[in-house]
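For reference, the structure is listed below as structure tokens.
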Amino acid sequence: MRPARRRVLVVALPFVLAWAVVLAAFAGLRDRLPDPLATHFGPGGEADGFTGTGAFLSVVTAVLLGSGLLTLMPTLRLNKGLRAQRFAVTLGYGLSGLLGYAFASLLFANADATRASRVSQPLWQLGVAFAVAAVMGALGWLIAGRDPASATGPGDRAAAPRLPLARGEVATWTRSVGSPVLLAVGAGTTLLGAVLTAVGSGPATWLIVIGLVSTALARCRVTVDRRGLAVVPWFAPRPRMRIPLDRIERATSREAGALSLGGWGYRIRGGGSALVFRSGDALFLTLTTGREFAVTVDDAATAAALLNTLIERDRPAPGERG
């Protein structure tokens with residue numbers, strides 16, 4: 001099977017199966033269901049929202065198949081193996097399990113009810129839904145990790161570029177990069193924390209702290225010079241992330257999706273870590289430890305070329321080593 005077709009099958013299959021399960025449950029219970037159905041429940045488990053049976057099927061189809069399509073699109077756009085997109089696959093499988101169980105449990109809760117207003121849904125059903133989501137997410141993680149077409153090694157990437165630099169010549173490369181996602185999350189979290197604090201919820205002040213940190217780190221400056229790579233926030237020289245030149249084996253650049261790197265912000269993934277601001281051009285460093293570090297930034301090719309030149313110039317020739 002072609003890699004692209006395999007990705008479509010693996011990523012879309014759990015959503016299609018969840019949709020089929022819900023439709024099968026609906027068909028089997030059709031004569032035992034009230035119309036409308038109880039589809040929303042209050043804190044005590046009592047029904048407080050209702051949907052017609054026809055509209056329910058439309059919602060199920062739109063939500064499950066629409067979620068599958070949204071999960072599939074970045075997987076196809078990136079044109080990479082599933083192992084490099086484990087986070088997206090895991091999230092998709094978990095979401096399909098959560099939604100599939102939630103819709104099916106609604107149908108069984110409504111079965112044999114004379115009136116939808118008398119239907120109740122115990123709170124423990126929510127815990128079961130999250131447990132199913134966790135199991136499905138773990139399955140997606142394992143399936144993505146076993147994708148043979150996704151194994152990539154140094155030979156699969158572009159050759160490490162060089163930037164012409166005369167002996168003794170000094171050069172510095174620097175770019176600013178921002179993240180609308182981190183900015184929106186930070187501002188939203190700060191606002192939520194402020195509202196909850198105002199109404200007397202003391203622990204919500206932690207939301208303000210987290211939101212302010214996310215907002216502060218939503219824009220950083222990436223610099224490459226003779227000392228290596230440095231990433232600092234826009235507003236102050238500290239905190240700072242620095243990778244010295246002697247810890248870098250080689251540098252390359254390529255297009256990368258935020259989800260393929262694990263999501264936005266600082267991400268720890270198998271074999272390395274990444275600082276992700278957005279999808280697009282990214283600088284990849286292979287460290288002397290064998291691990292990899294990536295940062296998304298414009299003009300990453302120039303940064304990689306300068307780093308490789310500095311590494312080569314700084315590293316002693318074989319005959320000069322003691």
NE2 (H40) and CG (L106) are apart, to the nearest 0.5 Å, by 10.0 Å
Spacing of S117 atom OG and E46 atom CD [to the nearest 0.5 Å]: 11.5 Å
Closest approach of V119 to A113 (non-hydrogen atoms, all atoms of both residues): CG2-CB, 3.5 Å
CD1 of I248 to CG of L285, rounded to nearest 0.5 Å, is 5.0 Å
Give the minimum heavy-atom separation between N110 and A38, together with the two atoms involved. OD1-N, 2.8 Å
Any salt bridge (Lys or Arg N to Asp or Glu O under 4.0 Å) involving residues 272-286? Give me the pairs, sequence neighbours left out, ordered by first then second residue. R278-D298
Write out all pairs satisfying salt bridge (Lys or Arg N to Asp or Glu O under 4.0 Å) with one or both partners inside residues 173-191, taking only residues at least two apart or from two chains. R175-D299
W264 side chain near V185 side chain, heavy-atom distance below 4.5 Å: no
Residue set satisfying side chain to side chain donor-acceptor pair (under 3.5 Å) with R221, at least two apart, ordered chain then number -> T174, S176
Same cluster (ILVMFWY, side-chain, under 4.5 Å), V177 and F293: yes
I want to check something: taking the side chain as every heavy atom from C-beta on, are D246 and T288 in contact at a cut-off of under 4.5 Å? no
Would you check, one step at a time, whether the test side-chain contact (heavy atoms from CB on, under 4.5 Å) holds for F277 with V295? CA-CA 8 Å; F277 295 95; V295 56; 4.1 Å; yes
Which heavy atom in S279 sits nearest to a heavy atom in A258, and how many Å separate them? OG-N, 2.8 Å
Following the transitive rule for hydrophobic clusters with a side-chain heavy-atom cut-off under 4.5 Å over Ile, Leu, Val, Met, Phe, Trp and Tyr, establish whether L37 and L64 coincide in one cluster. yes
Work out which heavy atom in A251 is nearest to a heavy atom in L283; give both atom names and the distance. CB-CD1, 4.3 Å
So F56 and F26, would you call those rings parallel, tilted or perpendicular, with 30° and 60° as cut-offs? parallel
Taking only residues two or more places apart in sequence, or in another chain, which ones meet T61 in a side chain to side chain donor-acceptor pair (under 3.5 Å)? W19
With sequence neighbours left out, the residues meeting side chain to side chain contact (heavy atoms under 4.5 Å, CB included) with L29 are R32, L33, L107, F108, A111
With clusters defined by side-chain heavy atoms of hydrophobic residues (ILVMFWY) lying less than 4.5 Å apart, directly or transitively, does V128 cluster with M136? yes
Listed once per pair and sorted, the salt bridge (Lys or Arg N to Asp or Glu O under 4.0 Å) pairs that draw on residues 13-27, sequence neighbours left out: none
Considering residues at least two apart in sequence or located in another chain, which fulfil the side chain to side chain contact (heavy atoms under 4.5 Å, CB included) criterion with A282? A256, F284, T296
Contacts of Q125 that satisfy side chain to side chain donor-acceptor pair (under 3.5 Å) - sequence neighbours left out: Y101
In this structure, CD of E292 is separated from CZ of R250 (nearest 0.5 Å) by 9.5 Å
Checking S96 side chain against Y93 main chain: does a donor-acceptor pair fall under 3.5 Å? yes
Is there a chain of hydrophobic side chains (I, L, V, M, F, W, Y, each step under 4.5 Å between heavy atoms) that links L65 to L69? no
Distance check, rounded to the nearest 0.5 Å: Y266 atom OH versus S273 atom OG? 3.5 Å
What pairs with V231 under side chain to side chain contact (heavy atoms under 4.5 Å, CB included), at least two apart in sequence or on another chain? C220, V222, M241, L275
Is the count of non-hydrogen atoms from other residues, nucleotides or ligands lying under 6.0 Å from F130 atom CZ greater than 12? no
With a 4.5 Å cut-off on side-chain heavy-atom distances among I, L, V, M, F, W and Y, is there a chain of contacts connecting I243 to L310? yes
State which residues pass side chain to side chain donor-acceptor pair (under 3.5 Å) with T39; sequence neighbours excluded, sorted by chain then number. T51
Gap separating the CZ atom of R219 from the CG atom of L183, nearest 0.5 angstrom: 10.5 Å
With R227 via salt bridge (charged side-chain N to carboxylate O under 4.0 Å, His left out) - residues at least two apart: D225
Work out which heavy atom in A171 is nearest to a heavy atom in L306; give both atom names and the distance. CB-CD1, 3.9 Å
Mind checking side chain to side chain contact (heavy atoms under 4.5 Å, CB included) for T289 and listing every partner two or more places apart, or none if nothing turns up? L287, R291
For A18 against G100, the heavy-atom pair lying closest together: CB-CA, 4.0 Å
